[in-house]
Amino acid sequence: MRKPTRSREVGRGERVLPGVWRLRLPLPWPGVPHCNAWALAAGDGIVLVDCGMHEPGSMAHLERALDQAGLRIEHVRLLVCTHAHVDHCGQAPPVAERAGCEVWMHPNHGHYTASADDPEQALARRVEVARQSGVPEAPLRRWMEQRRGRGTGQAGELRVDRGLTDGMTVATDLGEWRVVETPGHAPSHICLHQPERRLLLSGDHLLGRVSLYFDHGHTPDPVGEFLDSLDRVEPLDARLCLSGHGRSFADVGAHITANRALVAARLEAVGAALAGGSETAFDVARAVYGELFTEGSAPWLLDKTLCWLTHLERGGLADREGGTPERWASAA
Ligand SMILES: [Zn+2]
Ligand SMILES: [Zn+2]
């Protein structure tokens, strides 16, 4: 008898509200098994919000999810991306080409586009940041080897037809969705708010399971920008979030509060890690994240730690002491 093989994750589509479908697409990342694209009824077609990452077979997952909703790629009249991360815009070029539709996104996607266009240079830059943060050579080299063989997740050149900024609108059968700029998680992050129905397409700004990430190195203070974005979204008083990962969720206010609390806790932990003397960002990350800090999670936890340190520095609570690798100290 043949041993049963574990069934691979596949794309799934489900209706969440009349005229709103969640398209759950598999991701190859440990700890982040899926992302969501959202289909919104619009006339004789749909507006697609986000589209998943590009990998072998990934277009079939999107097609399968659409099919379960009775839809096809050819129904897409417009593709809106909540932000320039590969799990949200990776398949934008083939979707746009097959559907003959435009791609709309916030204009601050230059750093993403540059690294997708030149992955070798982007990798070299990441390695330099890691070295300067105190990451030891051996694990860094292992990471580089693993990384080299992998694709970027971006299918072709990302061309954006319209830059979405505050107050612009996207028309659907559910009414108009207003663009709300919410940088922090990524410089290009936007949410789409439907005021009459009190819906928020929240991308990765708000997730059902509170989980933080910030792009490091492209804006002065991603953590501060994220906190400002929470302040912007709170008064919208949305009753349901349609998020970039996981199920849709209510109690939006409680999620905003939980995000602020997690930011405060992490900043406190970073402050505590600096209390004993000057440290590299790598040491701080290990102290703050403990057993969560593994070779697999190190790159993004290190990016976050650099963002925490930068935020404390701007608030006058941490000093960047320089050196190679760079050291940080408490200024409190
Ligand atoms: Zn993201
Ligand atoms: Zn995401």
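What you see below is based on every heavy atom in this structure, not just the backbone, and it leaves out hydrogens, waters and symmetry mates. Remember, it's 1-based here, ligands and their atoms both numbered in the order they're listed. All values reported here derive from a predicted model rather than from experimental measurement. Residues take their numbers from the sequence shown, with the count starting at 1.
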Within 6.0 angstrom of Arg320 CZ, more than 12 heavy atoms from elsewhere
yes

With carbon and hydrogen excluded and only N/O/S kept, which atom of His83 is nearest the Zn ion (ligand 1)?
NE2

His185 NE2 and Asp204 OD2 subtending at the Zn ion (ligand 1) (10° steps):
90°

For the pair His88 and His83, name the ring-plane relationship: parallel under 30°, tilted 30 to 60°, perpendicular over 60°.
tilted

Could you tell me whether the Zn ion (ligand 2) has an N, O or S atom of His88 under 2.8 Å away?
yes

Where do Leu78 and Val80 come nearest, in terms of heavy atoms and distance?
CD2-CG2, 3.9 Å

Looking at the Zn ion (ligand 2), is one of the N, O or S atoms of His85 less than 2.8 Å from it?
no

Establish, from distance only, whether the side-chain atoms of His85 and Asp215 form a donor-acceptor pair under 3.5 Å.
yes

For the Zn ion (ligand 1), decide whether Asp87 has an N, O or S atom at a distance under 2.8 Å.
no

Would you call the rings of Trp308 and Phe214 parallel, tilted or perpendicular, where under 30° means parallel and over 60° means perpendicular?
perpendicular

